[in-house]
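Working notes for the structure below.
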Amino acid sequence: MQRILSGIQPSGVPTLGNYLGALRNWVALQHDHECLYCVVDLHAITVWQDPHQLAAQTREMAAALLACGIDPERHVLFHQSAVHAHVRLAWIFNCIARLGWLNRMTQFKDKAGKDRENASAGLYVYPNLMAADILVYHATRVPVGDDQRQHLELANDIAQKFNHDYGVEFFPTIEPLILGPAARVMSLRDGTKKMSKSDPSDQSRINLTDDADTIALKIRRAKTDPEPLPETPAGLEGRPEARNLVGIYAALAETDAAAVLAEHGGKGFGPFKEALAALTIARLEPIAEETRRRLADPGGVDAVLRKGARRAAEIADPIAAEAERLVGFLPG
Ligand code: TYM
């Protein structure tokens with residue numbers, strides 16, 4: 001059975017983009033993989049996080065993951081900072097990755113923006129830690145949204161260079177799993193920008209905790225163009241907002257864009273948005289409800305994370321120790 005690892009930052013409430021691009025696939029993959037899912041609090045602090053909020057958001061993210069259907073009995077759900085092996089391997093990877101490789105990372109450029117000199121060093125080496133998250137478990141499959149593709153290519157470059165430099169076949173090749181019609185969900189306000197937990201405008205995203213009225217309003221106000229919906233997917237070319245809403249509908253209805261357009265093509269956005277709102281509410285409300293129920297017992301959520309961290313460390317500690325031995329460190 002192949003081992004899966006994936007992670008999500010506790011830098012806000014999970015969005016519909018996180019859900020359709022990643023979390024839904026995490027849940028489905030539990031049937032035939034050994035899965036480790038990680039709330040990446042070490043990654044979150046690469047930009048400033050209020051300490052009380054970070055702790056609360058880590059717990060809330062874990063509750064949301066449980067509500068989506070992550071099974072902590074059969075698989076491993078944990079918070080990254082509790083498993084020190086990630087950081088041990090990340091340091092080695094900081095010394096393997098080349099500055100030229102990191103300079104090509106588009107996500108760093110997006111996040112650092114114009115004020116690059118003022119970005120944290122952690123934000124710059126973020127992809128090295130992400131590579132360590134995966135490789136410290138010798139995981140081979142990584143379900144993510146499309147925006148993480150470049151980071152996974154870098155992780156493979158790091159693994160290969162480590163193996164080459166130390167003359168070993170220690171780290172495996174990682175296969176990205178970028179699945180479904182909504183691997184890249186865009187902002188509701190701008191079809192060329194990714195939907196993101198950290199967008200300053202709450203109107204740009206649907207949060208997994210939004211109530212029915214909020215979801216309906218956000219979809220009704222979503223940016224569109226004046227044309228009716230096309231009859232076929234080819235007609236979505238050059239219409240990013242229409243493509244995005246159709247992709248979301250297809251993912252939620254577990255079908256594809258062609259089937260959605262066969263039903264809704266030729267109509268205006270008004271009735272389509274009503275149908276999309278109803279479908280989104282039907283899918284997300286049970287998750288919001290279950291998240292609230294889980295959070296009513298914060299100690300219970302924390303216990304799940306602690307137990308997950310112990311199980312994760314049992315796998316990761318020996319792999320980190322072997323990497324350190326290969327590098328030439330004396331045992332501690
Ligand atoms: P993060 O927290 O930004 O997002 C978590 C997951 O959600 C996906 N995603 C999206 N998918 C479709 N459309 C969107 N608009 C959208 N926004 C986010 C992301 O692709 C991701 O799969 N660096 C990672 C976290 C990470 C990680 C890892 C992932 C740390 N270590 C190891 C995999 C393996 C991140 O910031 O994800």
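Only this structure's heavy atoms are used, side chains among them; waters, hydrogens and symmetry mates stay out. We count ligands from 1, going down the list as the structure has it; atoms in each ligand are counted the same way.
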How does [X] reach ligand 1, by side chain, by backbone, by both or by neither, if only non-hydrogen atoms under 4.0 Å count?
X      : value
Ile134 : side chain
Val144 : both
Met186 : neither

Next on the checklist: Given Asp199, Leu42, Asn18, Ile178, identify the one with the heavy atom nearest to atom 8 (C) of ligand 1.
Outcome noted: Asn18
Checklist entry - Which option, Asp147, Val40, Asp133, owns the non-hydrogen atom nearest atom 20 (O) of ligand 1? => result Asp147
Item to check | Whether Trp26 and Tyr37 hold their rings parallel, tilted or perpendicular, with breakpoints at 30° and 60° | outcome: parallel
Checklist entry - Any idea how Phe170 and Phe162 line up, ring-wise: parallel (<30°), tilted (30 to 60°), or perpendicular (>60°)? => result tilted
Residue and atom name of the nearest protein heavy atom (relative to [atom]), distance in Å to one decimal:
atom                    : answer
atom 25 (C) of ligand 1 : Gly7 O, 3.5 Å
atom 2 (O) of ligand 1  : Lys197 NZ, 2.7 Å
atom 13 (N) of ligand 1 : Val185 N, 2.8 Å
atom 11 (N) of ligand 1 : Gly17 O, 3.2 Å
atom 37 (O) of ligand 1 : Gln148 NE2, 3.9 Å
atom 24 (C) of ligand 1 : Tyr126 OH, 3.4 Å
atom 28 (C) of ligand 1 : Met130 CG, 3.4 Å

Below 4.0 angstrom from a heavy atom of [X], which ligand 1 atoms are there? Numbered from 1 as shown, please.
X      : answer
Leu5   : 32 (C), 34 (C)
Lys194 : 15 (N)
Ile8   : 2 (O), 5 (C)
Arg184 : 12 (C), 13 (N)
Ala183 : 11 (N), 12 (C), 13 (N)
Met195 : 14 (C), 15 (N), 17 (N)
Ala22  : 6 (C), 7 (O), 22 (O)
Val142 : 33 (C), 34 (C)

Before accepting this row, confirm whether a basic side-chain N of the pair [X]/[Y] lies closer than 4.0 Å to the acidic partner's carboxylate O.
X      : Y      : answer
Lys307 : Glu73  : yes
Glu314 : Arg310 : no
Arg74  : Glu34  : no
Lys218 : Asp202 : yes
Arg325 : Glu322 : yes
Glu324 : Arg88  : yes

Which atom of [X] lies closest to which atom of [Y], heavy atoms considered:
X      : Y      : answer
Leu123 : Phe108 : O-CD1, 3.7 Å
Ala90  : Ala132 : N-CB, 3.6 Å
Leu177 : Ile4   : CD1-CD1, 4.2 Å

Return yes if some donor-acceptor pair links the side-chain N/O of [X] with the main-chain N/O of [Y] below 3.5 Å, else return no.
X      : Y      : result
Asp50  : Gln53  : yes
Arg205 : Ser196 : yes
Asn244 : Met186 : yes

Item to check | Under 3.5 Å: N/O of Gln9 near N/O of ligand 1 | outcome: yes
Next on the checklist: If I apply the N/O under 3.5 Å rule, does Asp146 come out as touching ligand 1?
Outcome noted: no
Checklist entry - Judged by non-hydrogen atoms, does Gln80 sit under 4.0 Å from ligand 1? => result no
